[in-house]
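One structure is given here, and the rest of the page talks about it.
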Amino acid sequence: QVQLVESGGELVQSGGSLRLSCVASGRISTINATGWYRQAPGKQRELVATITRGGTTNYADSVKGRFTISRDNTKNTVALQMNSLKPEDTSIYYCNARNYYSLDFWGQGTQVTVSS
């Protein structure tokens, strides 16, 4: 099992920045990739960004050039730096970890609200 705890979500004005952080615990050695997803009211959960153990990143087109995902394997953390935030970025952001058996683990979510 892997446990994930997110932090950093808050209310911010359009154009502002936020940094989300996720701390992993448990069977860390089994994690192959980590990432961030988001879900707005009435919408499906969508991928925001992922990063593999080797450092390969992947971003949704809607956040490319604005968001940066990073991980610190020594601290078992993954961060999402979000710049130039837009009202449409408003969502609950979830940390995800996928192990080598393709089993997904999720955090409880952190609310990001961008005011116009």
Side-chain angles (χ1 to χ4, degrees):
Q1 289 284 43
V2 173
Q3 294 78 42
L4 303 168
V5 178
E6 305 102 330
S7 62
E10 61 182 68
L11 173 65
V12 64
Q13 288 190 336
S14 181
S17 298
L18 277 178
R19 185 177 180 85
L20 304 183
S21 183
C22 173
V23 179
S25 60
R27 301 187 66 185
I28 306 298
S29 62
T30 66
I31 296 175
N32 181 39
T34 53
W36 291 92
Y37 290 70
R38 65 187 182 187
Q39 186 168 19
K43 295 187 177 181
Q44 289 188 334
R45 190 170 297 188
E46 63 177 5
L47 178 147
V48 177
T50 60
I51 184 167
T52 67
R53 180 173 286 274
T56 300
T57 58
N58 180 49
Y59 295 92
D61 288 342
S62 59
V63 307
K64 283 180 181 177
R66 300 189 298 124
F67 292 10
T68 302
I69 190 169
S70 61
R71 62 188 291 173
D72 185 338
N73 291 332
T74 64
K75 297 181 179 179
N76 299 325
T77 60
V78 59
L80 185 69
Q81 178 66 41
M82 305 187 293
N83 299 326
S84 303
L85 283 161
K86 305 175 182 180
E88 51 264 43
D89 294 318
T90 296
S91 279
I92 299 176
Y93 283 71
Y94 296 91
C95 182
N96 167 270
R98 176 168 292 181
N99 67 13
Y100 287 101
Y101 306 101
S102 297
L103 186 62
D104 285 311
F105 301 91
W106 297 94
Q108 80 287 353
T110 185
Q111 177 70 49
V112 172
T113 303
V114 184
S115 64
S116 58

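All values derive from a computational prediction rather than experimental measurement.
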What distance separates [X] [atom1] from [Y] [atom2], expressed to the nearest 0.5 Å?
{"X": "Leu18", "Y": "Leu11", "atom1": "CG", "atom2": "CG", "answer": "9.0 Å"}
{"X": "Ser29", "Y": "Asn99", "atom1": "OG", "atom2": "CG", "answer": "10.0 Å"}
{"X": "Ser7", "Y": "Tyr93", "atom1": "OG", "atom2": "OH", "answer": "15.0 Å"}
{"X": "Ile31", "Y": "Leu4", "atom1": "CD1", "atom2": "CG", "answer": "6.5 Å"}
{"X": "Leu80", "Y": "Leu20", "atom1": "CG", "atom2": "CG", "answer": "5.5 Å"}
{"X": "Asn58", "Y": "Ile69", "atom1": "CG", "atom2": "CD1", "answer": "9.5 Å"}

Shared hydrophobic cluster, Val48 / Val23 (ILVMFWY, side-chain heavy atoms < 4.5 Å):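 Not linked; separate clusters.
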
Salt bridge (Lys or Arg N to Asp or Glu O under 4.0 Å): pairs with one or both residues in residues 51-66, sequence neighbours excluded: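 Pairs touching residues 51-66 that pass the test: Asp61-Lys64, Arg66-Asp89.
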
Salt bridge (Lys or Arg N to Asp or Glu O under 4.0 Å): pairs with one or both residues in residues 107-116, sequence neighbours excluded: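 Listed by first then second residue: nothing to list.
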
Is the closest side-chain heavy-atom distance between [X] and [Y] below 4.5 Å?
{"X": "Tyr59", "Y": "Ile51", "answer": "no"}
{"X": "Glu46", "Y": "Arg38", "answer": "yes"}
{"X": "Thr34", "Y": "Arg71", "answer": "yes"}

Gln108 atom CD, over 12 foreign heavy atoms within 6.0 Å: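 Atom CD in Gln108 is crowded, with more than 12 foreign heavy atoms closer than 6.0 Å.
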
Co-members of Tyr37 in a cluster of I, L, V, M, F, W and Y side chains, linked at under 4.5 Å: Leu47, Ile92, Tyr94, Trp106

Considering all heavy atoms, the nearest Ser116-Ser14 contact: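 Answer, listing the atom of Ser116 first, then Ser14: CA-CB, 4.2 Å.
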
Closest contact, heavy atoms only, Lys43 versus Gln39: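 Taking Lys43 first and Gln39 second, the nearest heavy atoms are O-NE2, 3.1 Å.
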
Test log, rule side chain to side chain contact (heavy atoms under 4.5 Å, CB included), inputs Gln111 and Thr90: CA-CA 8 Å; Gln111 177 70 49; Thr90 296; 4.0 Å; yes

Val112/Met82 under side chain to side chain contact (heavy atoms under 4.5 Å, CB included): CA gap, chis, key distance, verdict: CA-CA 10 Å; Val112 172; Met82 305 187 293; 4.0 Å; yes

Residue pairs fulfilling disulfide (SG to SG under 2.5 Å) with at least one residue in residues 58-102, sequence neighbours excluded: Cys22-Cys95

Side chain to side chain contact (heavy atoms under 4.5 Å, CB included) evaluation trace for Asn32 with Tyr101: CA-CA 9 Å; Asn32 181 39; Tyr101 306 101; over 6 Å; no

Exam field: side chain Gln13 to backbone Ser115, donor-acceptor pair closer than 3.5 Å: no

Residue list, salt bridge (Lys or Arg N to Asp or Glu O under 4.0 Å) with Asp72, at least two apart or on another chain: none

Residue list, side chain to side chain donor-acceptor pair (under 3.5 Å) with Arg19, at least two apart or on another chain: Gln81

